Each structure stands twice: as C-alpha cells, then as structure tokens.
Amino acid sequence: MRRLLPDQHELSLDDLYEGLTLPAGDARPWVALGMVATLDGAAAVDGATADLGGEADGIAFRRLRGAADAILVGAGTVRDENYGPPSGTAERRSDRQTRGLAERPRLVIVTGSLNLPTDHRVFSDPDQRPLIVTHGQASPDAVGRLEEVADVLRVGEGTIDLEAALIELGTRGLRRILCEGGPSLNGALLAADLVDEVFLTISPVAAGGGTSRIIRSEVPEVAHRFAVASLYEHDGELVVRYCRER
Ligand SMILES: NC(=O)c1ccc[n+]([C@@H]2O[C@H](COP(=O)([O-])OP(=O)(O)OC[C@H]3O[C@@H](n4cnc5c(N)ncnc54)[C@H](OP(=O)(O)O)[C@@H]3O)[C@@H](O)[C@H]2O)c1
C-alpha cells in the first residue's frame, strides 16, 4: 500500500492508522465520522454497506473503533445493518486499556421514535448496555421498555439537541466520539457544525441509483471546509482523513 499524503512511501497494510488517537475535545467531545462511500458518493448498495469496504476499510474501521470512547449511530443504521454490541479480541481490548481507554467503546444510539425491539441483536449483551439518546417528548412507555436493556438519555424537548447530548456524553467520560452514521445522523451533526473530522474510505465502485450520499439533511446545504490530514491507497481504495478547518 502507499501513503500519498503527507509524504509518499510504501507501508504494510497493517500500518494503516496504527496507534491512532483521537483528541478528547474541549468544550464538548471530539466527533469523528467514520464512513465508506462509492466513488460516486453512495453510502449504501441495496440498503447496506457490505459490498463497499475492502481490506483497508476493514482495518480503518477497527482502528477507529479502537481509538473511540463511544460509537454514535443512528437508529436507522442499527436497524438496516443489524448492529450488534461492539466486539473486540482480547488483544484489542488490552490494547485499549494500555492506552487508557475502556475495554470496549460504548454504543450510543440516536432515536426519536424509540422504534427498537428489546430483543434486537444490539441489546444481546447485558454487560454492554447501549446508551440511547432521545428527546424529552419520547413516549414514556417506550422509554420504560428500552430501559430494561439500555440506559436512556433525554436531551431537548420535541427534538434531540445533539450538542447537549454530546456534552452529556462528555460528563460520562465519553470524550472521543466515533460516529458511524448513517447519513441522516451525519447530516444533523454537520448542520450543527459538530463534525470535527471525517475518516472516509472511497471505494472503487460506482453505484448509480438514488442512494443517499454519506451526509444528508433536509436543511439547506452548508459548505464546511476540511483539510486533508492523510491519504492512503490500497487495492483501489482511497482512505482519507479530513479535519475541519474552523
Ligand atoms: N457508507 C457508510 O459508511 C454507512 C454508514 C452507516 C449507514 N450507512 C447506510 O445508511 C443507511 C441508513 O441511513 P439513515 O440515514 O436512514 O440512518 P441513520 O442516520 O443511521 O438513522 C436515522 C434515524 O436515526 C435517528 N436519528 C438520526 N438523527 C436524528 C436526529 N437528529 N434527531 C432524532 N433522531 C435522529 C432517527 O431514528 P428513529 O427513526 O428511530 O426516530 C432516524 O430515523 C443504511 O442503508 C446504511 O447501510 C452507510
């Protein structure tokens, strides 16, 4: 594999993001998006990402999870991708502990509807209760049901206040947030200018169709600028780290 930026030299695939650390953030936790897209910007093919990422993306995905205190994800992705609790080999768990992180990242799910059955795979490990972020007008019955399998955090009145949610995560020691999408959650974070970095794998696949881009929102477009911090290529995949220029 080759690293194209900041300088160009051969690396072993396993060197990709080796020892990656994420900043803890300042007034609020640091937010990094970790996404894969086709060369024409599609976030999914046939409603899932399974056909998009190759070897380099798989390593980037694991390294990002290895550096995060929490994985933030929209309920749509939990449902579409049948998310489970974060796994991790004994080696990876011990590597995290050596670096001062918890054994596993905490899974944080954003949902307004609370439409997640309690027997969903994501709730299958009682030792890894996800944290559910919803708003103050969420149905008390649905909250009560989900509190059997998860911790529930209500922020904002009729809508979720994502910045307040992040600050609350920070008070719980979750300061390095990896957001794994999907496009709607990414869009809400971008609209509130809460995205500090984007780790993007561009897959050498063209999708066509009408699939969502990796960041989508109903609000008018913004033009937030990012700088390229690093760029790798392996087997046609481009692995880019973009940092927000503020
Ligand atoms: N290419 C990639 O790297 C990547 C990564 C992740 C997902 N995907 C793909 O993206 C697709 C899913 O995308 P998506 O945009 O539908 O899903 P999403 O962003 O994961 O989830 C959307 C849902 O999350 C909740 N949500 C997100 N933002 C919210 C906010 N600001 N306020 C309240 N609730 C919020 C809502 O849940 P409720 O409906 O429960 O209220 C909303 O319906 C799938 O096809 C998946 O395969 C691709």
Side-chain angles (χ1 to χ4, degrees), residues 3 5-6 11 13-37 53 56-74 77 83 85-89 91-110 128 130-131 133 153 162-182 185-190 192-202 214-215 224-232 237-246:
R3 183 169 75 195
L5 282 172
L11 297 169
L13 183 56
D14 215 38
D15 289 334
L16 177 63
Y17 294 148
E18 220 265 305
L20 176 76
T21 56
L22 297 174
D26 194 5
R28 59 159 175 81
W30 190 259
V31 177
L33 303 190
M35 297 295 289
V36 58
D57 184 60
I59 290 182
F61 178 83
R62 285 196 296 280
R63 290 270 151 79
L64 277 164
R65 283 191 161 199
D69 294 319
I71 299 166
L72 183 71
V73 67
T77 296
Y83 256 52
S87 57
T89 60
E91 190 189 347
R92 272 186 240 145
R93 296 203 302 272
S94 118
D95 176 58
R96 284 178 58 89
Q97 285 184 306
T98 310
R99 298 200 280 144
L101 302 172
E103 268 196 14
R104 291 189 174 92
R106 183 94 193 258
L107 191 66
V108 181
I109 304 170
V110 178
Q128 291 194 77
L131 182 57
V133 174
L153 177 64
L162 286 172
E163 185 165 14
L166 289 171
I167 290 168
E168 179 60 34
L169 296 184
T171 65
R172 295 170 185 230
L174 306 174
R175 298 213 53 90
R176 301 162 192 84
I177 311 293
L178 168 64
C179 177
E180 293 187 348
L185 177 57
N186 293 347
L189 289 168
L190 188 81
D193 200 4
L194 295 170
V195 178
D196 299 304
E197 287 191 284
V198 179
F199 288 82
L200 175 64
T201 302
I202 303 169
I214 59 163
I215 304 179
H224 293 172
R225 199 168 170 82
F226 289 77
V228 177
S230 62
L231 169 61
Y232 300 80
E237 284 187 291
L238 296 176
V239 182
V240 199
R241 180 178 189 175
Y242 292 99
C243 292
R244 178 86 171 95
E245 286 185 331
R246 293 187 191 278

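Remember, it's a predicted structure, so these values are computed and weren't measured experimentally.
Residues passing the side chain to side chain contact (heavy atoms under 4.5 Å, CB included) test with A56 are L13, L16, H234, E237, V239, sequence neighbours excluded. Every residue meeting the side chain to side chain donor-acceptor pair (under 3.5 Å) condition with E197, not counting sequence neighbours, appears here in chain and number order: W30, R241. In this view, R96 satisfies the side chain to side chain donor-acceptor pair (under 3.5 Å) rule with no residue, not counting sequence neighbours. Under the side chain to side chain donor-acceptor pair (under 3.5 Å) criterion, D57 pairs with T201, not counting sequence neighbours. Partners of E91 by salt bridge (charged side-chain N to carboxylate O under 4.0 Å, His left out), not counting sequence neighbours: none found. Residues satisfying the side chain to side chain donor-acceptor pair (under 3.5 Å) criterion with R63, sequence neighbours excluded, are absent altogether.
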Yes or no on side-chain contact (heavy atoms from CB on, under 4.5 Å) for L107 and E180, after CA distance, side-chain angles and deciding distance?
CA-CA 10 Å; L107 191 66; E180 293 187 348; 5.9 Å; no
From CA spacing to verdict: side-chain contact (heavy atoms from CB on, under 4.5 Å), L33, L190:
CA-CA 10 Å; L33 303 190; L190 188 81; over 6 Å; no
Evaluation steps, side-chain contact (heavy atoms from CB on, under 4.5 Å), between L11 and E18:
CA-CA 11 Å; L11 297 169; E18 220 265 305; over 6 Å; no
For the pair L72 and L189, evaluate side-chain contact (heavy atoms from CB on, under 4.5 Å) and give the outcome as yes or no after the intermediate values.
CA-CA 11 Å; L72 183 71; L189 289 168; 4.2 Å; yes
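Looking only at distances, a side-chain donor or acceptor of D69 sits under 3.5 Å from a matching main-chain atom of R176. Counting only distance, with no hydrogens or angles, the side chain of R175 and the backbone of D26 share a donor-acceptor pair below 3.5 Å. With hydrogens and angles disregarded, a donor-acceptor distance shorter than 3.5 Å links the side chain of R244 to the backbone of R225.
The side-chain heavy atoms of Y232 and L238, taken from C-beta on, include no pair separated by under 4.5 Å. By the 4.5 Å heavy-atom criterion applied to side chains, R28 and D196 are counted as neighbours. Between R99 and T21 the shortest side-chain heavy-atom distance falls below 4.5 Å. In this structure the side chain of V195 never reaches within 4.5 angstrom of the side chain of N186, judged on heavy atoms. Taking the side chain as every heavy atom from C-beta outward, L131 and L169 approach each other to under 4.5 Å. Using a 4.5 Å cut-off on side-chain heavy atoms (C-beta onward), T77 and Y83 make contact. R65 places a side-chain heavy atom less than 4.5 Å from the side chain of L178. Between F199 and L20 the shortest side-chain heavy-atom distance falls below 4.5 Å.
Of all heavy-atom pairs spanning A165 and V133, the tightest one is CB-CG1, 3.9 Å. Summarising the geometry of T171 relative to E168, their closest heavy-atom pair is OG1-O, 2.6 Å, with the distance given to 0.1 Å. Minimum interatomic distance between A229 and C243 (heavy atoms only, all atoms of both residues): CB-SG, 3.9 Å. Smallest separation of non-hydrogen atoms from P29 and I177: CB-CG1, 3.7 Å.
The CD1 atom of I109 lies 12.5 Å from the CG atom of L153; values are rounded to the nearest 0.5 Å. Between L200 atom CG and I214 atom CD1 the span is 4.5 Å, to the nearest 0.5 Å. Atom CD in Q128 sits 4.5 Å away from atom CZ in R104 (nearest 0.5 Å).
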